[in-house]
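Read the structure below first, then the notes.
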Amino acid sequence: MKLGRLNHIGVATPSIADSIVFYRDVMGATKIHQPFDLPEQGVKVCFVDTPGADGALNGTQIELIEPLPGNASIASFLEKNPSGGQHHVCYEVPDIHVAKAEFEALGKRVLGEPRIGAHGTLIFFVHPRDMGGVLTEIMETPKPGEGH
Ligand SMILES: CC[C@@H](C(=O)O)C(=O)SCCNC(=O)CCNC(=O)[C@H](O)C(C)(C)COP(=O)(O)OP(=O)(O)OC[C@H]1O[C@@H](n2cnc3c(N)ncnc32)[C@H](O)[C@@H]1OP(=O)(O)O
Ligand SMILES: [Co+2]
């Protein structure tokens, strides 16, 4: 397994609307995408762009996630962290199925089968207890012209 680009940091929040105000007014974010529902993952999502090395807005994103009704795991996370908090980190890989096989060969618990994530490419999660306490999302790098 080769460590890939840090695509995003997932931040759980009880209110995406309030978090948008925070990232705009406190952190000075200049590009905050329109929030959208992702019912397959049980979340409302909003991406906040951060600058890349050249200053352009092509760096790691903050992924704000708010639970949709019925999402027990994020609701449970917010019960323990009522004002929200860092929820997961997401690394890119060139081939999702190769990456899944590699984690499993190392005895890491992959949570379910690869599924389409918020960027339109396949993702899976690895259990935080097998990853030094960090819920880890693995995402296939979008091909040129693919994903968002
Ligand atoms: C926006 C779409 C998509 C994308 O494209 O980017 C997303 O990012 S969706 C993000 C939300 N989806 C997920 O998180 C799916 C994967 N997560 C899970 O399957 C579960 O959340 C979980 C990791 C298995 C935990 O669920 P559960 O076992 O029901 O919760 P517990 O409260 O019982 O916790 C068990 C254990 O794990 C620790 N934990 C839980 N969440 C986290 C976390 N976010 N970071 C670190 N550790 C976490 C929790 O403290 C418990 O630890 P122990 O008490 O030591 O056992
Ligand atoms: Co994510």
Side-chain angles (χ1 to χ4, degrees), residues 1-17 19-20 22-24 26-68 71-78 80-81 84-148:
M1 175 70 200
K2 189 169 177 299
L3 188 65
R5 176 178 179 269
L6 181 60
N7 180 278
H8 65 264
I9 295 173
V11 173
T13 172
S15 166
I16 279 183
S19 293
I20 286 174
F22 170 81
Y23 279 93
R24 187 191 64 208
V26 178
M27 298 305 292
T30 57
K31 178 67 181 172
I32 301 179
H33 296 249
Q34 193 63 30
F36 61 98
D37 288 356
L38 200 61
E40 302 82 10
Q41 308 286 346
V43 288
K44 179 190 280 283
V45 191
C46 175
F47 288 113
V48 178
D49 287 1
T50 72
D54 60 0
L57 290 173
N58 57 3
T60 296
Q61 291 177 312
I62 303 297
E63 179 184 79
L64 300 171
I65 50 174
E66 178 187 319
L68 290 174
N71 183 330
S73 69
I74 299 203
S76 146
F77 181 90
L78 288 172
K80 294 176 194 162
N81 308 276
Q86 186 180 315
H87 182 263
H88 64 272
V89 297
C90 175
Y91 300 100
E92 294 182 15
V93 294
D95 185 313
I96 199 83
H97 301 291
V98 169
K100 177 173 180 282
E102 287 176 347
F103 277 108
E104 288 174 336
L106 291 168
K108 307 297 180 190
R109 279 168 288 176
V110 171
L111 299 162
E113 290 301 313
R115 53 196 183 273
I116 296 291
H119 291 81
T121 67
L122 288 167
I123 63 166
F124 64 79
F125 288 86
V126 190
H127 200 286
R129 288 286 152 261
D130 295 342
M131 300 294 287
V134 179
L135 176 59
T136 303
E137 178 182 345
I138 301 297
M139 166 188 160
E140 192 162 274
T141 304
K143 312 270 183 299
E146 184 188 75
H148 33 86

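Keep in mind that this is a model prediction, so the values were computed, not measured. Residue numbers run from 1 in the order of the sequence given.
Residues F125 and R115 have side chains in contact (heavy-atom distance under 4.5 Å, counting atoms from C-beta outward). Residues L111 and L135 meet the side-chain proximity criterion, which asks for heavy atoms closer than 4.5 Å. Taking 4.5 Å as the limit, every side-chain heavy atom of S19 sits out of range of all side-chain heavy atoms of V11. In this structure the side chain of F103 reaches within 4.5 angstrom of the side chain of M131, judged on heavy atoms. By the 4.5 Å heavy-atom criterion applied to side chains, C90 and I123 are not counted as neighbours. No side-chain heavy atom of I116 sits under 4.5 Å from any side-chain heavy atom of E40. A heavy-atom distance below 4.5 Å is found between the side chains of F22 and M27. Put simply, the side chain of V45 reaches to within 4.5 Å of the side chain of F47, judged on heavy atoms.
When all heavy atoms of P142 and T121 are compared, the pair lying nearest together is CA-CG2, 3.7 Å. Between C46 and I32, the shortest heavy-atom distance links the atoms SG-CG2, 3.7 Å. Counting all heavy atoms, side chain and backbone alike, L57 lies closest to P51 at CD2-N, 4.1 Å. Minimum interatomic distance between N58 and R5 (heavy atoms only, all atoms of both residues): O-NH2, 3.2 Å.
Between I74 atom CD1 and Q41 atom CD the span is 9.0 Å, to the nearest 0.5 Å. The OG1 atom of T50 sits 10.5 Å away from atom OH of Y23, with the distance rounded to the nearest 0.5 Å. A distance of 6.0 Å separates OH of Y91 from CG of L6, quoted to the nearest 0.5 Å. Atoms CG and CG, from D95 and L122 in turn, are 9.5 Å apart once rounded to the nearest 0.5 Å. Between the CE atom of M139 and the CG atom of N7 there is a distance of 4.0 Å, given to the nearest 0.5 Å.
Side-chain atoms of T141 never come within 3.5 Å of backbone atoms of E92 as a donor-acceptor pair (strictly under, hydrogens ignored). E63 places no side-chain N or O within donor-acceptor distance of the main-chain N or O of V89, the cut-off being under 3.5 Å. Proximity of a side-chain donor or acceptor of T13 to a complementary backbone N or O of G84 within less than 3.5 Å is not detected. Proximity of a side-chain donor or acceptor of E140 to a complementary backbone N or O of I96 within less than 3.5 Å is detected. Side-chain N or O atoms of D54 include one that pairs as donor or acceptor with a backbone N or O of A56 at under 3.5 Å.
Comment: K108 does not engage E102 in a salt bridge, judged by the lack of any side-chain N to carboxylate O separation of less than 4.0 angstrom.
Among pairs with a residue in residues 126-138, those fulfilling side-chain hydrogen bond (donor to acceptor under 3.5 Å, both in side chains) read H8-E137, H88-E137, R109-D130, at least two apart in sequence or across chains.
Q61 and H119 share a side-chain donor-acceptor pair at under 3.5 Å.
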Working for side-chain contact (heavy atoms from CB on, under 4.5 Å), residues L38 and F36: CA-CA 7 Å; L38 200 61; F36 61 98; 4.1 Å; yes
